[in-house]
Amino acid sequence: MIYRIATLISILFVLAACQNEDGEVEVITFNPYDYNVIFIPENKVDDKNEIYIDAMIELKAEYPSEFNNVNKIEKDLTAMGIKESNDGPTLVILKSGETIAKLSGKMPKHEIKEQLEITLADNK
């Protein structure tokens, strides 16, 4: 449990400090099946980011192979047609380049998990 919390805090500090002036932001992404899931953390470390990451960690236990290719990368969200939310962290789920779900701001963990589970279970 302590390792999990320390890992989350470390990831959040790194991501919060990695905003570039050229429009690229550091995001967490993974690609289960035909989907592209992008998590855009809020620029500050707070409980909203942790809720999203916690939901992903809990689902990793149920769907380990779908989380094999989790990456922390820089993306130009504007070029992808994704707007950063001023409400907090954002989770975008794309299929064939089209946004099929977008969650942002403070959300209950069970709603984040439900949306991700729909995506992960869709092809299981």
Side-chain angles (χ1 to χ4, degrees):
M1 179 70 164
I2 293 174
Y3 173 74
R4 189 167 123 188
I5 292 170
T7 302
L8 286 174
I9 291 171
S10 300
I11 290 171
L12 293 174
F13 276 122
V14 170
L15 290 174
C18 293
Q19 293 270 331
N20 293 333
E21 294 177 17
D22 61 358
E24 290 191 346
V25 294
E26 201 156 286
V27 300
I28 295 172
T29 183
F30 61 99
N31 305 93
Y33 311 110
D34 295 336
Y35 295 93
N36 186 7
V37 180
I38 301 170
F39 173 63
I40 308 151
E42 190 172 30
N43 289 331
K44 60 184 179 182
V45 176
D46 68 3
D47 65 329
K48 287 186 267 183
N49 284 333
E50 288 181 29
I51 292 170
Y52 283 82
I53 292 174
D54 224 19
M56 288 186 274
I57 288 171
E58 286 180 18
L59 284 173
K60 183 176 173 42
E62 293 177 51
Y63 302 93
S65 62
E66 288 80 355
F67 283 86
N68 282 341
N69 60 352
V70 174
N71 294 301
K72 182 176 68 172
I73 60 173
E74 291 184 6
K75 288 236 182 220
D76 184 348
L77 300 178
T78 307
M80 295 179 65
I82 299 172
K83 291 183 181 179
E84 273 189 90
S85 172
N86 293 330
D87 297 335
T90 302
L91 182 73
V92 180
I93 301 172
L94 304 157
K95 185 170 187 175
S96 302
E98 185 178 325
T99 301
I100 60 166
K102 182 177 179 182
L103 306 173
S104 63
K106 189 168 184 161
M107 301 278 301
K109 183 170 41 173
H110 72 89
E111 286 183 29
I112 298 166
K113 284 179 66 175
E114 278 177 20
Q115 185 59 60
L116 284 168
E117 200 155 27
I118 289 168
T119 302
L120 297 173
D122 188 38
N123 291 295
K124 198 163 192 183

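All heavy atoms count here, side chains included; hydrogens, waters and symmetry mates do not. What you see is a predicted model, and the numbers here were worked out from it, not measured in a lab.
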Give, for atom [atom1] of [X] and atom [atom2] of [Y], the distance between the pair rounded to the nearest 0.5 Å.
| X | Y | atom1 | atom2 | value |
| --- | --- | --- | --- | --- |
| Ile112 | Glu58 | CD1 | CD | 10.5 Å |
| Thr119 | Ile93 | OG1 | CD1 | 3.5 Å |
| Glu66 | Glu117 | CD | CD | 10.5 Å |
| Lys113 | Ile57 | NZ | CD1 | 11.5 Å |

Does the Tyr35 side chain pair with the main chain of Phe30, one donor and one acceptor, at a distance under 3.5 Å?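 Not a single qualifying donor-acceptor pair exists.
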task: Could you tell me whether the side chain of Thr29 and the main chain of Val37 form a donor-acceptor pair under 3.5 Å?
output: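 Yes.
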Report yes if some heavy atom in the side chain of [X] is under 4.5 Å from a heavy atom in the side chain of [Y]; otherwise report no.
| X | Y | answer |
| --- | --- | --- |
| Lys48 | Ile51 | no |
| Lys106 | Asp47 | yes |
| Met107 | Tyr52 | yes |
| Asn49 | Phe39 | yes |
| Ile38 | Thr90 | no |
| Leu91 | Gln115 | no |

Please find the pair of heavy atoms, one from [X] and one from [Y], that lie closest to each other, and give the distance.
| X | Y | result |
| --- | --- | --- |
| Asp54 | Lys109 | OD2-NZ, 3.2 Å |
| Ile100 | Lys95 | CG2-CB, 4.2 Å |
| Leu120 | Tyr33 | O-CE1, 3.2 Å |
| Glu111 | Leu103 | O-CD1, 4.4 Å |

